[in-house]
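All heavy atoms count here, side chains included; hydrogens, waters and symmetry mates do not.
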Amino acid sequence: MSKLKLNKTALANASGSLIGLVYVFCSLAIALFPDLSQAVAQSWIHGIDFSTVWTGSPRGNFLLGLTTAIGLSWVAGYAIAVIYNALDKK
């Protein structure tokens, strides 16, 4: 049993911030390097063919995607801290 207790809010804030930065980076990468971005995305999703849906530019729903990605990551970070702290008590 360790004495480390994770701060739930700090981990949630860090998770949300990191994913927010990654989301912005990915949107910039798609805008600047659309072909490379498509190749990378296709390799990460086991070769699924994106050619019919790929636009090669960030979509108009950037703020919705950014907000939901940050929100979900915040909830996930908080949940990880809660679960970690509960399991560490045993």
Side-chain angles (χ1 to χ4, degrees):
M1 178 158 93
S2 83
K3 302 242 184 214
L4 174 68
K5 183 173 179 178
L6 293 178
N7 180 315
K8 297 179 288 283
T9 302
L11 184 59
N13 289 342
S15 298
S17 298
L18 177 62
I19 292 302
L21 291 172
V22 169
Y23 191 90
V24 170
F25 172 79
C26 285
S27 290
L28 287 172
I30 290 169
L32 298 173
F33 310 105
D35 293 335
L36 176 62
S37 298
Q38 182 180 7
V40 170
Q42 190 168 341
S43 72
W44 286 359
I45 310 296
H46 309 291
I48 292 175
D49 183 13
F50 287 119
S51 63
T52 59
V53 295
W54 191 268
T55 63
S57 64
R59 299 195 182 253
N61 58 0
F62 172 82
L63 287 179
L64 176 63
L66 178 64
T67 303
T68 56
I70 290 172
L72 182 59
S73 299
W74 192 95
V75 170
Y78 195 92
I80 288 168
V82 167
I83 293 166
Y84 176 88
N85 290 338
L87 292 174
D88 194 43
K89 290 180 182 177
K90 297 179 182 197

> Please determine whether residues F25 and I19 belong to a single hydrophobic cluster, defined as Ile, Leu, Val, Met, Phe, Trp and Tyr linked transitively by side-chain heavy-atom distances below 4.5 Å.
no

> Using side-chain contact (heavy atoms from CB on, under 4.5 Å), reason through Y84 and L4 one step at a time and then give a plain yes or no.
CA-CA 10 Å; Y84 176 88; L4 174 68; 3.9 Å; yes

> At their closest point, which heavy atom of S37 faces which heavy atom of A29, and how far apart are they?
OG-O, 3.0 Å

> If you group Ile, Leu, Val, Met, Phe, Trp and Tyr by side-chain heavy-atom gaps below 4.5 Å, do F62 and L21 land in one group?
no

> Is N85 reaching over with its side chain to a backbone N or O of K5, donor-acceptor style, under 3.5 angstrom?
no

> Mind listing the closest non-hydrogen atom pair of S73 and S15 along with its distance?
O-CB, 3.4 Å

> How many angstroms lie between CG in D49 and CD in Q38, if you round to the nearest 0.5 Å?
7.5 Å

> Once you round to the nearest 0.5 Å, how far does CG of L36 lie from CD1 of I30?
10.5 Å

> With no hydrogens and no angle check, is any side-chain donor or acceptor of S27 less than 3.5 Å from a backbone partner on V24?
no

> Distance check, rounded to the nearest 0.5 Å: L28 atom CG versus Y23 atom OH?
11.5 Å

> Rest of the hydrophobic cluster containing L18 (Ile/Leu/Val/Met/Phe/Trp/Tyr, side-chain heavy atoms under 4.5 Å)?
V22

> What pair of heavy atoms forms the shortest contact from S43 to V40, and how long is it?
OG-O, 2.7 Å

> Under 4.5 Å between side-chain heavy atoms, chaining through other members, with only Ile, Leu, Val, Met, Phe, Trp and Tyr counted: pull out the rest of the cluster around V75, sorted by chain and number.
W74, Y78, V82

> How long is the straight-line distance from CG of L66 back to CG of N61, given to the nearest 0.5 Å?
11.0 Å

